[in-house]
Amino acid sequence: MPSKTVAVGSSSGLHARPAALIAEAAGGLDSTVTINGVDASSSLMLMTLGAKCGDTVEVAGADESAVEAIAALVVQDLDAT
Amino acid sequence: MSIVTLTANPSLDRTVALPGPLERGAVVRVDAMTSQAGGKGVNISRAAVSAGITTVAVLPALPDGSFVRELEEAGIRCHTSLPAGEIRVNLTLTEPDGTTTKLNSPGAKMQEQHLDALADTLVAHARDGAWTVLAGSLPPGTPASFYATLIPRLSGLTKVAVDTSDAPLAALVDALPGAAPDVLKPNAEELASVTGTDEATLEADPGAAAKAARLLVERGIGTVLATLGGRGAVLVTADGAWFAPPPPTTVVSTVGAGDSTLFGYLLAELRGLDAPERLALAVAYGAAAAGLPGTTIPRPDDLHPERVEVQQLDQS
C-alpha cells in the first residue's frame, strides 16, 4: 500500500483548523487515506493523534495520488492559509 | 502526558465464546477460549497503549509474575505492591446473539499492610500521570472508603477519574464534596443507586440521566460521564449537558465497553478537545468496543466519532 512519511507543517500541529481542512479534503477523495492509522476524513481522530508541528506522521492509502494529495496538505502550514 | 491506572482487584479474564445459547445443565463444546490479564484499570492502560499514550499500571501483584510480564510485553509499565494471594479468575460467557454472562470471583483477602502498600505505591507514581484512573471493584478486606480516602491524597498531583460501583461508589458520594474526582463514569444502575432515581428511567430518558448526573456535579464532581448501555452516554459539567446515542453497532461483546468509553473521554481531554467532542470520542470508543469480541480494545481505525451525533440538553 502506498505510504509517505512527512513532517507536520502547521504551527498548531494537527489541531483544530489544520485537522478540519485535511479531513474535508480527505472526505472528498474516492479512496480512504489514513494518517498514523486513523481515518484522515475524521477531524476528531486526527486531533487525537496529538501530532505537533515538526512531528513526522505516516500518510497511507490504496491510491497513490490520494496519499500524495493529503501528504501535501500535512506539510503545509494550514494555520497560515 | 500519560495515564496512570489503579487496578486494586486485578483478574485473569477468561472469555468463552459459546456456539449457541447457553443451556443450563448441558455439556457445551466451545469454539474458543481466550485468557488475558484484565481488570478495569488494565483495560484502560491497554486502550492507552493502542492510542499511543504512555501508561503506568499500579496493582497488587508479584513483580516477576506472568500477569505483570504480560502487561509489560503489551507496553504497559507496571508498579506493583505486595499481593495478598493468587490473582483471581473472571469467566465471561458470550453467546452468538451478543448476550454476555459474567462469573466474577472475589480475589484474595487484603490485609491493612497490603492496602497501605497499594495506596502508597499509587501516590508515589500518580504525579507521572496527567490523569489517574481508579477503576473497578475493591478486593475482599478493603474498606468501602478506599477510593474516597485516596482521592484527597492525589489532589494536586494528577486529575482523577473514577469508575466503580456499589459500596465504594456510595462511600465516595457520601464523602462529597471532600473526595470529589474530576470525572466520574457511572452506568445507569450506578447513577440511579447514588441519586435515588430509577435505573430504567435513566436508561430510557437521557434528560432524566442528565438531571441525576447534575446532582453529583452540584456536589463537587467536575464531570459526570454516564453511560446508558445501548442508548449511548450523557456528559454533564458545570457548563452544560450533552447526550450522544451510539452509531449503529452490531453488538458482539459489551465487556470492556465502559472502560473504552472512559478512555475515549480521557484521550479527547488530553488532546484539548471541547466537551461535545470529548463525548463523541467516548461514545465512538464504547460503540467500537461493543462491536469487538471479548475485552478487545478498539484500535484507532475501528473508531468513527464523526458518526456520533452529539445533542446539547437544556437543563434550565
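Proteins come first, then strands; the chains are lettered A, B, ... in the order of their sequence lines, and each starts at number 1.
Ionic pairing of B:E73 and B:R46 is not present here: no N-O contact between side-chain nitrogen and carboxylate oxygen is shorter than 4.0 angstrom. Remark: B:E72 does not engage B:R77 in a salt bridge, criterion side-chain N to carboxylate O under 4.0 Å. At a threshold of 4.0 Å, the pair B:E269-B:K159 counts as salt-bridged, since one of the basic side-chain nitrogens sits closer than that to a carboxylate oxygen. Between A:D79 and A:R17 no salt bridge is recorded (no basic side-chain N to carboxylate O distance below 4.0 Å).
Looking at B:L267, the atoms closer than 4.5 Å to chain A (heavy atoms on both sides) all sit in the side chain, from C-beta outward.
Side chain to side chain, A:T5 and A:E58 fail the donor-acceptor criterion of an N or O pair below 3.5 Å.
With sequence neighbours excluded, no residue satisfies ring-ring contact (aromatic ring centres under 6.0 Å, His included) with B:H304.
Heavy-atom neighbours of chain A within the stretch residues 280-290 of chain B, taken at a separation under 4.5 angstrom, comprise B:A280, B:L281.
Counting heavy-atom pairs under 4.5 Å between each of A:T48, A:V38, A:D39 and chain B puts A:T48 at the top.
Rounded to the nearest 0.5 angstrom, A:M45 CE and A:N36 CG are separated by 11.0 Å.
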